[in-house]
Visitor: 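I am attaching a structure below and will ask some questions about it afterwards.
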There are 4 protein chains.
Amino acid sequence: MTPLNEQQLQKIRDERKEQIMEAALKVFARRGLIGTKMSMIATEANISAGLLYRYFKSKNELFISLVQQAVQESIAGIMEVYKLPGSPIEKIKTLTDEILQEDGQLYFMLMHQARTSDEVPDEVNQLIDKNSMKTYIDILEPLFKEGQEVGELAAGDPRELISCYLSVLSGLMTLDMHRDENYQMPSVSMLLRILRC
Amino acid sequence: MTPLNEQQLQKIRDERKEQIMEAALKVFARRGLIGTKMSMIATEANISAGLLYRYFKSKNELFISLVQQAVQESIAGIMEVYKLPGSPIEKIKTLTDEILQEDGQLYFMLMHQARTSDEVPDEVNQLIDKNSMKTYIDILEPLFKEGQEVGELAAGDPRELISCYLSVLSGLMTLDMHRDENYQMPSVSMLLRILRC
Amino acid sequence: MTPLNEQQLQKIRDERKEQIMEAALKVFARRGLIGTKMSMIATEANISAGLLYRYFKSKNELFISLVQQAVQESIAGIMEVYKLPGSPIEKIKTLTDEILQEDGQLYFMLMHQARTSDEVPDEVNQLIDKNSMKTYIDILEPLFKEGQEVGELAAGDPRELISCYLSVLSGLMTLDMHRDENYQMPSVSMLLRILRC
Amino acid sequence: MTPLNEQQLQKIRDERKEQIMEAALKVFARRGLIGTKMSMIATEANISAGLLYRYFKSKNELFISLVQQAVQESIAGIMEVYKLPGSPIEKIKTLTDEILQEDGQLYFMLMHQARTSDEVPDEVNQLIDKNSMKTYIDILEPLFKEGQEVGELAAGDPRELISCYLSVLSGLMTLDMHRDENYQMPSVSMLLRILRC
DNA sequence: GATGAATGAGAGTTCATTCAT
DNA sequence: CATGAATGAACTCTCATTCAT
């Protein structure tokens, strides 16, 4: 009835797209690529299944978009560490805290799903392979070196230390503890012991 | 009458069943219930898809059998800790070592899949809910208390300490590091720092 | 929002469902539960096999629905006898006529299939056991008694007379004579001789 | 161990074949071609499924053999009527009696299955088409004509009378009344009324 | 733009048939 | 001859994707 102008339409489209990606993230993160039905995403996003296809060519494409976003967000999130106040160990503490918040976890769980599923499109594998751990280590290396110099962190190869620490965090996040009462998320201070001398 | 006697037949059947369960464990652990096609298991076991159904009524039943076995094996494995030599922390070190070996990891990954998938048959949920973390804690509590008394372990609620430690181990195992070079498995001594004062 | 309003959609769904049940009746009646492939029903109904499953959860459920309908329709059909004009024997004549029409036959053939197949779901057995012959006899007993009193029907236990007569009709209907030229459907007056003194 | 001579082997083979056909008749008659699994026949015959294939090339071939036998036996059975004592109607009474015995019914049920199934091999259709009703009518025509002449049977086209009567009997036999308590087999004298003036 | 009916490719499962023993 | 383990074609059912409205 009311003809919308181009600008309004674009706004609707952007909102819809965002809405779909949010819904898809929730579902994909928990159920993986194969375990997720397009109808689940549609339900979660409160739209029809058909509409998904106006915004994403296929389930695979939607998954890829999410992984891209996850990679970018996680990198951006880690880079924030340098804007944080305090000594190296305090920065790492805050970073750890934020990573373990529920929202960040969804991205990690998604990346875990992406890594684990074999049916994943090649693009995803490339994204993950080229971007994940090595990039994080590159970003964090200066911070950890500084921490070692000031004696807050255990000695040894800093890259290995980072890699191990992030592996522990990744593992914890894939456990989906908010759903599962069997597991207990360790406190940040407990986790930091891994890094201490 | 019978060309093969009952004993020979039983041997074939036992071998086949074992062969199938081994193959299925590998595939299910990595890809989950839905992500696994029966044809993948058949290929991995070097048999035809049809033969699977002479040994297991359905994909679900096969999955359930494996989870049962995983639950039993993991409990049995943890109980072995008391037969190990050395002080509490030395026992825990050896236990950790063994858990992180590849074979044990498959069982943990399977249980992770079982816990995470929503489409899993009810029997599996019951098995997991009733058996997993709480049982492990019950088994390990005396050992950890002793460790605290002799000053090898950090103070605090021992049950919580165990739960957190096992959560870290579980998380690491789900990462499937043998496949994935992005992650690095921390050394046991690094992990033990979590438990140290 | 919705391009087709709820009423139009409902109409489509009702039509489809009716169309499927009609097609399924034809095929099941002739070939039985196991002998019928869903693809046959789909072809007969001019739709795709997949669409069947939006209307019926499974082949079994579709079969059950049809048997329910058959039971209801056959009972309703027989009750109509009391609305017919004429003496008892004339009523029975008309009833016989109608039962032997092709459409009614499909329902009887279906019920025969349901009774004969061993693989039939339990619900079907219950439906058939509780509803078929005894109910018909209960309905027709007063009519047959009256017929005997006015001397139009042979003497003897009226319930047995009804049961035998309906058995003959049922048997004839299962023969699927419209397809099979080997058999010849007896005329109604010939069949009525069974009931005559 | 004990080498059997050719004659003994042949005897075993013949017995086995007979044993299989008997078992197969029971199962096919009740469940039809598609509804019958080779394993059911094997179980009923107390042999292994594999052994069936030493005696019959395929399920279809076994079915065809049975239908051939059924056709022959039913024709032979009907021809016996002329050896019976008594007037035409008395002969027909005895024939009817024998047809309705359980054993004869299996053959009729089998032929009904053969006629009804569409998946039946062409050979079966030819057998049935060329042999069944028309042949029976040819055999019985003289007897019925005689019955009409002596005034025991209703007037009219004798061939039609025979066809209708046999249709009624066929129908009754397909109902499998020995299994199904819903139906009641009419007495022979009741059935004969169809033929009476 | 939005819906949901409709399609069809592909996975789970069954069973006739083969074959090593 | 006899068995039953093994295979693979065919069927049921699911779900990503398309399309009429």
Side-chain angles (χ1 to χ4, degrees), chain A residues 3-4 8-9 12-13 16 34 36-42 47-62, chain B residues 1-6 8-9 12-13 15-16 34-42 46-62, chain C residues 1-6 8-9 12-13 15-16 34 36-42 46-62 119, chain D residues 1-4 8-9 12-13 16 34 36-42 47-62:
Chain A
L4 300 172
Q8 289 171 307
L9 280 177
I12 290 182
R13 286 188 58 82
R16 274 270 178 278
I34 302 186
T36 297
K37 302 174 197 169
M38 288 302 259
S39 60
M40 293 172 178
I41 299 174
I47 60 171
S48 72
L51 189 54
L52 292 175
Y53 288 84
R54 285 196 146 278
Y55 293 90
F56 296 91
K57 262 221 304 274
S58 69
K59 183 163 126 170
N60 271 0
E61 203 203 80
L62 173 51
Chain B
M1 290 281 186
T2 317
L4 267 57
N5 65 40
E6 189 49 41
Q8 291 172 305
L9 286 175
I12 289 180
R13 283 195 290 261
E15 283 172 7
R16 248 340 134 261
I34 303 184
T36 296
K37 301 174 199 168
M38 288 301 259
S39 60
M40 294 171 178
I41 298 175
N46 273 311
I47 59 173
S48 72
L51 188 55
L52 293 175
Y53 290 85
R54 282 181 69 83
Y55 292 89
F56 296 91
K57 267 223 293 280
S58 66
K59 184 164 125 170
N60 271 1
E61 204 203 81
L62 173 51
Chain C
M1 289 279 186
T2 319
L4 267 57
N5 64 40
E6 190 49 41
Q8 291 171 304
L9 286 175
I12 290 180
R13 283 195 290 259
E15 282 171 8
R16 256 327 142 265
I34 303 184
T36 296
K37 301 172 199 167
M38 288 301 258
S39 58
M40 294 172 179
I41 298 175
N46 273 311
I47 60 172
S48 71
L51 188 55
L52 293 175
Y53 290 86
R54 282 182 69 84
Y55 292 90
F56 296 92
K57 267 224 291 281
S58 67
K59 183 164 122 169
N60 272 1
E61 205 203 80
L62 173 51
E119 313 296 306
Chain D
M1 294 287 183
T2 318
L4 300 173
Q8 289 171 306
L9 280 177
I12 290 181
R13 288 188 56 82
R16 274 271 179 278
I34 302 185
T36 296
K37 302 174 196 170
M38 288 301 260
S39 60
M40 293 172 178
I41 298 174
I47 60 171
S48 71
L51 190 53
L52 292 175
Y53 287 84
R54 284 196 146 278
Y55 294 89
F56 296 92
K57 262 221 304 272
S58 69
K59 184 163 125 169
N60 272 359
E61 203 203 83
L62 173 52

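Order of the sequence lines fixes the chain letters, A, B, ..., with proteins taken first and strands second; residue numbering starts at 1 for each chain.
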Visitor: Whom does dA20(F) pair with, Watson-Crick or G-U wobble, provided both distances fall under 3.5 Å?
Guide: dT3(E)
Visitor: Nearest-nucleotide wise, let me know which of I47(A) and N60(B) is further upstream toward the 5' end of DNA chain E.
Guide: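 Taking each residue's closest nucleotide, the earlier one in sequence belongs to I47(A).
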Visitor: Once rounded to the nearest 0.5 Å, what's the spacing between atom CZ of R13(A) and atom CZ of R54(A)?
Guide: 7.5 Å
Visitor: Taking atom C1' of dT18(F) as reference, at what distance in whole Å does atom NZ of K59(A) sit?
Guide: 17 Å
Visitor: In the structure I gave you, are the side-chain heavy atoms of L62(B) and K59(B) within less than 4.5 Å of one another anywhere?
Guide: no
Visitor: Nearest to the side chain of S48(D) - dT17(F), dG4(F), dT7(E)?
Guide: dG4(F)
Visitor: With respect to the phosphate group of dG4(E), does any side-chain polar atom (N or O) of R54(C) fall under 4.0 Å of OP1 or OP2?
Guide: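 No.
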Visitor: Whole-Å distance between dC15(E) P and I34(D) CD1?
Guide: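 The answer, rounded to whole Å, is 12 Å.
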Visitor: Can you name the closest pair of heavy atoms from M38(C) and Y53(C) and give their distance?
Guide: CG-OH, 3.4 Å
Visitor: Carefully, step by step, assess L52(C) and F56(C) under the rule side-chain contact (heavy atoms from CB on, under 4.5 Å).
Guide: CA-CA 6 Å; L52(C) 293 175; F56(C) 296 92; 5.9 Å; no
Visitor: Roughly how many Å is it from CD1 in I12(B) to P in dA20(E), rounded to a whole number?
Guide: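 Taking atom P of dA20(E) as the reference, CD1 of I12(B) is at 13 Å.
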Visitor: Output the rounded distance in Å from NZ (K57(C)) to P (dC13(F)).
Guide: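 One finds 11 Å between P of dC13(F) and NZ of K57(C), rounded.
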Visitor: Check whether any side-chain nitrogen or oxygen of R16(B) sits under 4.0 Å from OP1 or OP2 of dA6(F), and answer yes or no.
Guide: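 Yes, such a contact exists.
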Visitor: The side chain of K37(B) is closest to which nucleotide in this list: dG4(F), dG12(E), dA16(F)?
Guide: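 The nucleotide sitting nearest to the side chain is dG12(E).
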Visitor: If we call it a pair only when both distances are under 3.5 Å in a Watson-Crick or G-U wobble match, what pairs with dG8(E)?
Guide: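 Looking at the geometry, dG8(E) pairs with dC15(F).
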Visitor: Expressed in angstrom and rounded to an integer, what is the separation of F56(D) atom CZ from dA16(E) atom P?
Guide: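 The distance from CZ of F56(D) to P of dA16(E) comes to 16 Å, rounded to the nearest Å.
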Visitor: Tell me which of R13(B) and S39(A) sits closer to the 5' end of DNA chain F, going by the nucleotide each one is nearest to.
Guide: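 First, find each residue's nearest nucleotide; the 5'-ward one identifies R13(B).
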Visitor: Can you check whether Y55(B) has a side-chain N or O nearer than 4.0 Å to OP1 or OP2 of dA6(F)?
Guide: yes
Visitor: Between CD1 of I41(B) and CG of L51(B), what distance do you get to the nearest 0.5 Å?
Guide: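 Spacing of CD1 (I41(B)) from CG (L51(B)) equals 12.5 Å.
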Visitor: Report the distance from atom CG of L51(C) to atom C1' of dC19(F), rounded to the nearest whole Å.
Guide: 14 Å
Visitor: Can you work out whether G50(B) or G50(C) has the more 5'-proximal nearest nucleotide on DNA chain F?
Guide: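 Final value for this comparison: G50(B).
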Visitor: Over how many whole Å does the gap from L52(A) atom CG to dC15(F) atom P extend?
Guide: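 Answer to the nearest Å: 15 Å.
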Visitor: Calculate the interatomic distance between L62(B) atom CG and dG12(E) atom P; express it in whole Å.
Guide: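 Nearest whole value for this atom pair: 11 Å.
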Visitor: Indicate whether OP1 or OP2 belonging to dT14(E) is found under 4.0 Å from a side-chain N or O atom of Y53(B).
Guide: no
